[in-house]
Amino acid sequence: MVDLKQNLMNVIKQALNETFGLIVADEMIAIETPKDKEHGDYASTIALRLSKQLKSNPRDIAIKLKEKLEKEECIEKVEIAGPGFINFFMKKDSLTKIIKTIIELGDDYGRNLSGNHEKVMVEYVSANPTGDLHLGHARGAAYGDSLTRVLSFCGYDVLREYYVNDAGHQIDVLAKSLFLRYKQAFNLEVNLDEIGYQGKDVIKLANDIAANEGDKYLKVSEIEAIEYFKNIGIDLELDKIKRDLDLFRVHFDNYTSERSLYKSNKVKSTLEKLENSGYTFKNENALWLKTTDFNDDKDRVLVKSDGSYTYLLPDIAYHADKFDRGYNKLINLFGADHHGYIARLKGGLKILGYNPDNLEILIIQMVRLMENGQELKMSKRTGNAITIRELCEDVGVDVARFFFLSKTLDSHFDFDLDVARKSSSENPVYYIQYAYARMCSVLKKNSSFALKDVYKLLIEEKEISLIKSLSEFKDLVIDIARTKEIHRLTSYAYKVSNLFHSLYNEIKFIDEDNQEVTAERLALVKATSIVLKNCLNLLGVEVKESM
RNA sequence: GGCCUUGUAGCUCAGUUGGAUAGAGCAACAGCCUUCUAAGCUGUGGGUCAGGCGUUCGAGUCGCCUCAAGGUCACCA
């Protein structure tokens, strides 16, 4: 079926064509849902927008259109208001058509093909395997995961990618730290200043290794030992990260390691291509890339004077490789502390002949954990930065995910632990899950809902509001895939829950004396539960049938 | 100083490609359970949308300036 909004759009287009001989795009017509119900079920500002082009008063334009628009079957009446708004009042039963659609589609309601099977690679988290995931990673993990769910729901062919920085200096620091802690496990004296990673997690890993492997790495050469600790360190840290991500319900399709880019010669061949481009130059024995030609504020070093590579070079190689793997649409989530990196990365890609506009970089602003109105910087238990695992154990996965997703990426995020810990109305997650549980409870009591094209008995104002909200879900999802504004899903889930709770308190769904009304109302409950579940599923928040 | 982000009710935040009288939650106050889960509902009060100028039929939304907060400016990753 064609949805109501699209149908209205078509009707307006036809009226414009017949009246003024104009052909306009959908975006121009801009069907809105007015906040005030006095302004109808839907409204269009098309008359205002065309005023200049038609050199005519917008009210006059609207009046000319009105007559044709009113002939449309699903429209009850059309009103011209204010400077030239066209307000549509729909026939009640045409609004209720969506209920059958929702129930029939079930889990697939809202699913669409706006992505047109386009291949898109989304890279997020990508934390170095040198320690635990902290709250900044958690925001990125929740966001990236939800975004990929939305994109996939909208018919994009999505790859979830994690980049493992396992070749740089920080891995050497990890290996050395592990080695020294390993020595300590055998009561050998070490210079504590040489331990780059002082955290207790490293001590634990070293002790585990000592317990499993014994003292055999005290007997080999230091080079051999460090090589071992490098490999085992990466493996163990990455395992830990994967376990924490699993707890957080975040799963990747692919892990690409930096070392693999070296092994496959991607880094070297990228360097050669850059050198051949004419955009490199030598200065004080280092090789520089002239990124200032591409909006960067200074040129960047590719190869240091000691012959080793900077992080930039393998990263350019990595992103070139992403394009080479057949993805023309790349999305990266970067922490706000990396924003300065964008220009040089895109510059490098441009030099290599890729279109940097196909790489969309979303910046995640910082997260602060708040308790009793004060920033909580360190875990009281471990003394380190607070990890995803600790947060999940404290407030639960659902709450953590929902909170992270409830604000725009652009906002600096204060995560309020006090609210997150409450299992009450102050906490929106419980409010929403409770709404869902109530729906299930009603349907458990009586599941004989009616499945019909129109529901003529759903005439309460609150019933109509709820139905209209349910019909917005698909457009919302499509819009979010475009704008990446995931937080709008949390607002939507709240709004639907709110409308339902309100309705629940106003009417009885089950009326033993009126089977007909009961059957129609139960259909609305069923449809609402489907939409809410689909919405929460995109957020990665679980529904509960009872609470 | 350059660049990125933010500034909306006492607090935390929404605000649909610029639209009609700026909205929620919390906090405050007053009500609602013999009834499908009160983890809920209903009502009241609360605003110089940081400030200024501009763009236009119309600006919280777009542009410029000022102020304030966070981030960032390595041959680190």
Side-chain angles (χ1 to χ4, degrees), chain A residues 27-28 30-36 38-39 43 45 48-49 51-52 57-58 81-85 87 128 130 165 167-171 173 258 283-288 295-298 300-306 308-312 315 335-343 363-366 368 370 373 406-412 414 416 419 422-431 433-435 437-446 472 475-476 479 482-483 485 487-488 490-491 494-495 497-498 500-511 518 521-522 525 546-547:
Chain A
E27 298 78 53
M28 193 66 186
I31 302 280
E32 297 169 7
T33 52
K35 292 169 211 153
D36 189 339
E38 301 291 313
H39 298 141
T45 57
L48 294 161
R49 286 166 188 244
S51 176
K52 195 168 273 178
N57 181 313
F85 295 104
N87 295 335
N128 293 344
T130 55
N165 285 118
H169 173 68
Q170 78 286 357
I171 296 297
V173 174
E258 187 181 354
N283 188 22
E284 293 180 11
N285 264 335
L287 184 72
W288 295 68
N295 294 325
D296 201 0
D297 52 355
K298 51 186 82 162
R300 306 291 169 175
V301 171
L302 292 171
V303 184
K304 300 181 218 169
S305 47
D306 67 0
S308 63
Y309 297 157
T310 62
Y311 179 77
L312 179 61
D315 217 30
D337 51 343
H338 282 65
H339 93 266
Y341 199 76
I342 297 171
I363 295 295
I364 308 166
Q365 291 298 326
M366 295 289 153
R368 296 194 306 169
M370 305 298 283
S406 62
K407 296 181 177 78
T408 71
L409 269 196
D410 294 334
S411 69
H412 306 156
D414 287 347
D416 190 336
V419 174
K422 284 183 186 159
S423 47
S424 70
S425 59
E426 283 181 59
N427 188 330
V429 180
Y430 287 92
Y431 182 87
Q433 288 181 328
Y434 182 48
R438 276 182 150 177
M439 294 171 211
C440 293
S441 178
V442 170
L443 291 167
K444 216 170 185 177
K445 193 141 279 184
N446 185 342
E472 288 166 9
D475 284 340
L476 177 71
D479 214 39
R482 184 176 60 81
T483 62
E485 293 167 336
H487 69 281
R488 287 167 63 190
T490 63
S491 307
Y494 192 90
K495 181 175 141 198
S497 303
N498 177 247
F500 178 78
H501 279 310
S502 179
L503 182 60
Y504 183 97
N505 276 271
E506 188 167 286
I507 62 165
K508 292 271 293 175
F509 295 109
I510 298 169
D511 179 353
T518 298
R521 287 181 170 168
L522 288 174
V525 175
S546 67
M547 286 179 78

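No experiment lies behind these values; they were computed from the predicted model shown. By convention in this document, chain letters (A, B, ...) are assigned in the order of the sequence lines, proteins followed by strands, and residues within each chain are numbered from 1.
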*In terms of ring plane angle, is the pair A:Tyr341 and A:His338 parallel, tilted or perpendicular, where the classes change at 30° and 60°?*
perpendicular
_Separation of B:rA24 P from A:Arg488 CZ (nearest whole Å)_ = 18 Å
*Could you measure between the two P atoms, the one in B:rG23 and the one in B:rG19, and give it in whole Å?*
14 Å
_Check this one for me: any side-chain N or O of A:Ser491 less than 4.0 Å away from OP1 or OP2 of B:rA24?_
no
*What distance, rounded to whole Å, do you find between the two C1' atoms, one in B:rA59 and one in B:rU17?*
15 Å
*Mind checking the C1' distance from B:rU61 to B:rU55? Whole angstroms is fine.*
14 Å
*Could you pick out which residue, A:Glu38 or A:Thr33, lies toward the 5' side of RNA chain B when each is mapped onto its nearest nucleotide?*
A:Thr33
*Round to a whole Å and report the spacing from CG of A:Leu409 to C1' of B:rA14.*
15 Å
*Using salt bridge (Lys or Arg N to Asp or Glu O under 4.0 Å) as the criterion, list what pairs up with A:Arg482, not counting sequence neighbours.*
A:Asp479
*asked:* Starting the side chain at C-beta, find the nucleotide from B:rC41, B:rG15, B:rG19 nearest to A:His501.
replied: B:rC41
Got a list of protein N/O to nucleotides 43-47 of chain B N/O distances below 3.5 Å?
none

*Quick one: what's the B/S/- string for nucleotides 32-38 of chain B, heavy-atom cutoff under 4.0 Å, read 5' to 3'?*
---BBBS
*Rounded to whole angstrom, note down the C1' distance from B:rA28 over to B:rU72.*
42 Å
*With sugar-phosphate meaning primed atoms plus P, OP1 and OP2, does A:Ala343 contact a base, only sugar-phosphate, or nothing at under 4.0 Å between heavy atoms?*
nothing
_Set of residues satisfying salt bridge (Lys or Arg N to Asp or Glu O under 4.0 Å) with respect to A:Glu32, sequence neighbours excluded_ = none
*asked:* Taking the minimum atom-to-atom distance to the side chain of A:Asn87, which one of B:rU42, B:rA20, B:rG15 wins?
replied: B:rA20
*Give A:Asp410 one of three labels, base, sugar-phosphate or nothing, depending on what nucleic acid heavy atoms sit under 4.0 Å from its own.*
sugar-phosphate
_Using a 4.0 Å heavy-atom cut-off to protein, can you give one letter per nucleotide of nucleotides 67-77 of chain B, 5' to 3': B if the base is in contact, S if only the sugar-phosphate is, - if neither?_
--BBBSSSBSB
*Determine whether more than 12 heavy atoms belonging to other residues, nucleotides or ligands lie under 6.0 Å from atom NZ of A:Lys304.*
yes
_So, OP1 or OP2 of B:rA22: does either fall under 4.0 Å of a side-chain N or O from A:Lys35?_
no
*Expressed as a whole number of Å, how far does the C1' atom of B:rG54 sit from that of B:rA9?*
28 Å
*Which value, in whole Å, describes the distance between the C1' atoms of nucleotides B:rC53 and B:rU42?*
45 Å
*Does a nitrogen or oxygen in the side chain of A:Asn498 sit under 4.0 Å from OP1 or OP2 of B:rG25?*
no
*Hey, does the Lys NZ or Arg CZ of A:Arg438 hover above the aromatic six-ring of A:Phe500, less than 6.0 Å from the centre and inside 45° of the axis?*
no
*Using Watson-Crick and G-U wobble pairs with both distances under 3.5 Å, what is the 5'-to-3' dot-bracket string of RNA chain B, with [ ] for crossing pairs and | for pairs outside the strand?*
(((((((..((((.....[...)))).(((((.......))))).....(((((..]....))))))))))))....
_Interatomic distance at P, B:rG60 relative to B:rA50, whole Å_ = 10 Å
*Determine the interatomic distance between P on B:rA14 and the same-named atom on B:rG31; round to the nearest Å.*
34 Å
